[in-house]
There are 2 protein chains.
Amino acid sequence: MDAPAVIRALGALAQEHRLAAFRLLVQAGDEGMHAGAIAERLGIVSSSMSFHLAALAHAGLVSQRRQSRLIIYTVNYPAMNGLMGYLTENCCGGVPCLDDAVCCPPQTNIANPHPAENVA
Amino acid sequence: MDAPAVIRALGALAQEHRLAAFRLLVQAGDEGMHAGAIAERLGIVSSSMSFHLAALAHAGLVSQRRQSRLIIYTVNYPAMNGLMGYLTENCCGGVPCLDDAVCCPPQTNIANPHPAENVA
DNA sequence: TCCATATTTCGATAATCATCGAATCGTGGA
DNA sequence: TCCACGATTCGATGATTATCGAAATATGGA
């Protein structure tokens with residue numbers, strides 16, 4: 001994941017309704033949710049929801065699939081992990097982190113410094 | 001960390017120069033960097049740098065301290081971890097994650113579901 | 001006290017973004 | 001074929017944001 005992709009992802013999430021939609025999808029898991037259901041849960045009109053879902057999709061954070069007349073959205077977990085990895089990369093210059101710098105728990109950054117570099 | 005705080009943090013990071021500055025500070029660790037040094041590394045004028053650093057500080061992502069004439073910026077690690085925790089909270093509805101859903105490694109989300117809830 | 005340096009604030013401009021209603025597109029059932 | 005429904009696109013409006021140079025503020029040294 002390169003800087004422009006990270007900026008797109010962060011920018012996509014930095015909005016009330018998109019962040020809420022993303023969290024709904026994170027919690028929904030692979031089952032996902034369709035556009036109308038998300039709009040209803042968030043209480044916004046469908047055109048705005050579509051605008052926001054397109055932004056999340058363009059940022060690579062969610063995927064969509066059609067199921068009859070519904071469009072089902074699911075979280076793109078590799079992108080999500082790539083985002084996390086980018087922010088914590090080389091935390092503390094490689095020096096073992098302090099107690100409150102949980103940014104690099106041993107199992108992800110020390111044993112496997114760049115767990116998400118295989119993400120586009 | 002509540003939704004508005006997360007949105008401020010994400011919005012602060014969703015900008016080329018702020019993201020770059022934040023990463024510099026993540027890698028600098030507790031030693032930090034002063035405003036001028038960051039501006040020089042990023043190749044932007046000091047007034048713009050000040051604008052961006054203020055945005056990061058307002059979002060709670062960085063802290064500042066004065067050292068003689070320099071203002072040293074450091075990453076606020078608890079806020080950083082709070083951000084990560086918020087995004088992955090209740091990942092997959094609590095169901096054990098798939099292999100590519102590294103969003104909730106056992107040591108953070110399962111053994112300790114909400115590791116960053118003590119962040120303001 | 002006076003000057004040099006580091007940083008922030010101010011003012012103006014250009015660009016991007018969120019929102020809504022209306023219109024359009026695509027799918028499936030009668 | 002025609003209709004209903006879910007979703008997206010379009011057009012317009014109002015608000016927020018990034019950028020820069022100039023000016024102001026604050027600290028430390030001569």
Side-chain angles (χ1 to χ4, degrees), chain A residues 3-25 28 31-76, chain B residues 3-25 28 31-76:
Chain A
V6 170
I7 291 170
R8 278 195 300 274
L10 291 168
L13 291 174
Q15 204 280 334
E16 176 189 356
H17 295 140
R18 287 196 293 266
L19 180 61
F22 182 80
R23 290 192 96 209
L24 280 179
L25 293 179
E31 191 179 335
M33 291 178 71
H34 66 92
I38 305 174
E40 188 181 9
R41 281 286 293 275
L42 302 186
I44 64 179
V45 300
S46 61
S47 64
S48 292
M49 189 76 262
S50 183
F51 171 79
H52 290 308
L53 288 172
L56 289 171
H58 179 254
L61 288 167
V62 304
S63 307
Q64 46 194 317
R65 66 176 194 271
R66 177 175 281 277
Q67 179 181 304
S68 175
R69 274 188 281 195
L70 308 179
I71 305 231
I72 313 285
Y73 285 86
T74 52
V75 168
N76 181 356
Chain B
V6 169
I7 291 170
R8 279 195 299 274
L10 291 169
L13 291 174
Q15 203 281 334
E16 176 189 356
H17 295 140
R18 287 197 294 266
L19 179 61
F22 182 80
R23 290 191 96 209
L24 280 179
L25 293 179
E31 191 179 333
M33 290 178 71
H34 65 92
I38 305 173
E40 189 181 9
R41 280 286 293 274
L42 301 186
I44 64 179
V45 300
S46 60
S47 64
S48 292
M49 188 76 263
S50 183
F51 171 79
H52 289 309
L53 288 172
L56 288 171
H58 179 254
L61 287 168
V62 304
S63 307
Q64 45 194 319
R65 67 175 193 270
R66 177 176 281 277
Q67 178 181 305
S68 175
R69 273 188 281 194
L70 308 179
I71 305 228
I72 314 285
Y73 285 85
T74 51
V75 168
N76 181 355

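First the proteins, then the strands, lettered A, B, ... as listed; each starts at 1.
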Please give, in whole Å, the distance from [N] [atom2] to [X] [atom1]?
| X | N | atom1 | atom2 | value |
| --- | --- | --- | --- | --- |
| B:L19 | D:dA18 | CG | C1' | 16 Å |
| A:I7 | D:dT17 | CD1 | C1' | 15 Å |
| B:E40 | C:dT7 | CD | P | 11 Å |
| A:E16 | C:dT19 | CD | P | 7 Å |

Tell me the closest heavy-atom pair linking [X] and [Y], and the distance in Å.
| X | Y | answer |
| --- | --- | --- |
| A:I72 | A:H34 | CD1-CB, 3.9 Å |
| B:Q15 | A:I7 | C-CD1, 4.1 Å |
| A:L19 | A:L13 | CB-O, 3.4 Å |
| A:G60 | A:N76 | O-ND2, 2.9 Å |

Review point. Can you find a heavy atom in the side chain of B:R66 that is under 4.5 Å from one in the side chain of B:I71?
Key: yes
Exercise for review: Would you check if B:Q64 and B:L53 make a side-chain contact, meaning some heavy-atom pair closer than 4.5 Å?
Suggested key: no
Point to revise | Expected output: side-chain A:R23 to main-chain A:L25 donor-acceptor under 3.5 Å | key: no
Practice item. Taking only heavy atoms on the protein side, list every residue of residues 42-49 of chain A lying under 4.0 Å from any atom of DNA chain D, sorted numerically. Key: A:S46, A:S47
Practice item. Strictly below 4.0 Å, heavy-atom distances to any atom of DNA chain C: list the hits from residues 51-70 of chain B, or just say none. Key: B:Q64, B:R69, B:L70
Practice item. Give a yes or no on this: more than 12 heavy atoms of other residues, nucleotides or ligands lie within 6.0 Å of atom CZ of A:R41. Key: no
Within less than 4.0 Å of OP1 or OP2 of [N], is there a side-chain N or O belonging to [X]?
| X | N | answer |
| --- | --- | --- |
| B:H34 | C:dT7 | yes |
| B:Y73 | C:dT7 | no |
| A:Q15 | C:dT19 | yes |

